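Per chain, numbering begins at 1; letters A, B, ... match sequence-line order. Since the structure is predicted, the reported quantities are computational estimates derived from the model, not experimental observations. What's counted below: heavy atoms across the whole structure, side chains too, no hydrogens, waters or symmetry copies.
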Protein chains: 2
Amino acid sequence: MTGQSAGAPTRRPTRQQLAVAAALGQTEDFVSAQQLHARLRGDGNPIGLATVYRCLAALAAVGRLDVLRTDDGEAVYRQCSTDHHHHLVCRICGRTVEVAGPTVESWAESVAREHGFRDVRHTIEIVGTCATC
Amino acid sequence: MTGQSAGAPTRRPTRQQLAVAAALGQTEDFVSAQQLHARLRGDGNPIGLATVYRCLAALAAVGRLDVLRTDDGEAVYRQCSTDHHHHLVCRICGRTVEVAGPTVESWAESVAREHGFRDVRHTIEIVGTCATC
DNA sequence: ACGGAAATGAGAATCATTGTCAACCCGCGG
DNA sequence: CCGCGGGTTGACAATGATTCTCATTTCCGT
Ligand SMILES: [Zn+2]
Ligand SMILES: [Zn+2]
Ligand SMILES: [Zn+2]
Ligand SMILES: [Zn+2]
């Protein structure tokens, strides 16, 4: 109980960690660790794959990232935005529309509470065929 | 139109497929392909791991199984009830509660239509910490 | 029963993720 | 300012679920 128990055991700052954080800050889309690694290197930012995983894990542990799994099991990460929303994706052309709705938010919240669940998070993805496809 | 000709290319029935279906019918819990494989063999029911995966994929394709991913990316399957629903999962003990709500269904539908999307599907996962954890 | 197509199974191959461990770097004490 | 200790990194090996390969077996219509 003593010591710096409270909050995040601050990680020692390094170039790599900043790079990862910066890269995540440049997009609102979900990216996989592999993609992020490739992107960083592409931007002339040398970093090891294992380090990318470690940074992502660290950020996720502190709750700064949203993590979800694609259908084929790959983990994808996104910087938690203060502005919570979901995506409507076209299964043909990939067009993505951001949608937000208090309706679904409160529904999820109430459903969870109703069953005694705490610290609730949710993942919602709506997939369809867009008007032009 | 004419029977199920257009839809599901009916799979040729075999002992293995029946065994997999039967095993899935014996439990309400989610099981991984590996677990199912072990269980089947344990019950003196010889079957190849690849076949288990194939059967599961086939069943899931026809919509007879609910599939979801554990935090570590492993796919788990469960025979699903005929009705559409979603899952409330405990991030600690894995306890799963089925939830259904016209609220969220119509919300998803309207949001999609509002943007001109057709043939809409959605994925919703609510994760939290259950009362006993 | 016969023949061809579908299904199976053992093992190899794939691929994201994690573990290993020596080299490296950052902040602090001297 | 300089050197040390321990957190951090990175190349590579290891893991483990899932998929692929292909020879063999099984099912089904004829
Ligand atoms: Zn489209
Ligand atoms: Zn939401
Ligand atoms: Zn629980
Ligand atoms: Zn639904």
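Applying a 4.0 Å cut-off to non-hydrogen atoms, none of the residues of residues 24-40 of chain B approaches DNA chain C.
Whole-Å rounding puts the A:Arg41 CZ to D:dT9 C1' distance at 12 Å. Atom P of nucleotide D:dG16 and atom CG of B:Asp72 are separated by 11 Å, given to the nearest angstrom. One atom, CG of B:Leu49, and another, C1' of D:dT18, lie 8 Å apart when rounded to the nearest Å. Going from atom CD of B:Gln17 over to atom C1' of D:dT26 covers 12 Å, rounded to whole Å.
Other residues sharing the hydrophobic cluster of A:Leu24, ordered by chain and number and joined by side-chain separations under 4.5 Å: A:Val20, A:Val31, A:Leu36, A:Leu40, A:Ile47, A:Val52, A:Leu56, A:Leu59, A:Leu65, A:Val67, A:Tyr77.
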Would you give me the side-chain donor-acceptor pairs under 3.5 Å for residues 126-133 of chain B, sequence neighbours excluded?
from: B:Thr129; atom 1: OG1; to: B:Arg91; atom 2: NH1; distance (Å): 2.9
from: B:Thr132; atom 1: OG1; to: B:Arg95; atom 2: NH2; distance (Å): 2.9

Anything under 3.5 Å between a donor and an acceptor, one on a side chain of residues 107-115 of chain A, the other on a protein residue two or more places apart or in another chain? List them.
from: A:Ser110; atom 1: OG; to: A:Ser106; atom 2: O; distance (Å): 3.2
from: A:Ser110; atom 1: OG; to: A:Trp107; atom 2: O; distance (Å): 2.9

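Residue A:Gln16 places at least one side-chain N or O closer than 4.0 Å to OP1 or OP2 of D:dG10. Taking side-chain N and O atoms only, B:Tyr53 has a distance below 4.0 Å to OP1 or OP2 of D:dT18.
For B:Asp119, there are no side-chain hydrogen bond (donor to acceptor under 3.5 Å, both in side chains) partners two or more places apart in sequence or in a different chain. Residues passing the side-chain hydrogen bond (donor to acceptor under 3.5 Å, both in side chains) test with A:Arg118, sequence neighbours excluded: none. Listed by chain and residue number, A:Asp66 satisfy the salt bridge (charged side-chain N to carboxylate O under 4.0 Å, His left out) test with A:Arg78 (two or more places apart in sequence, or in another chain).
In terms of modelled atom types and a separation under 3.5 Å, the side chain of A:Arg15 and the main chain of A:Pro46 share a donor-acceptor contact. Judged by distance alone, the side chain of A:Glu74 and the main-chain N or O of A:Ala33 form no donor-acceptor pair under 3.5 Å.
Within the structure, ring-ring contact (aromatic ring centres under 6.0 Å, His included) contacts touching residues 13-65 of chain B (residues at least two apart or in different chains) are B:Phe30-B:His87.
Side-chain atoms of A:Glu74 lie closest to C:dT17 of the nucleotides C:dG11, D:dA17, C:dT17.
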Exercise. Which nucleotides of nucleotides 21-30 of chain C have their base under 4.0 Å from a protein heavy atom (B), which only their sugar-phosphate (S), and which neither (-), written as one string 5' to 3'?
Worked result: ----BB----
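Residue order along DNA chain D, read from the 5' end via each residue's closest nucleotide, puts A:Gly48 first among A:Gly48 and B:Arg69.
Here B:Ile47 lies in heavy-atom contact (under 4.0 Å) with sugar-phosphate atoms only.
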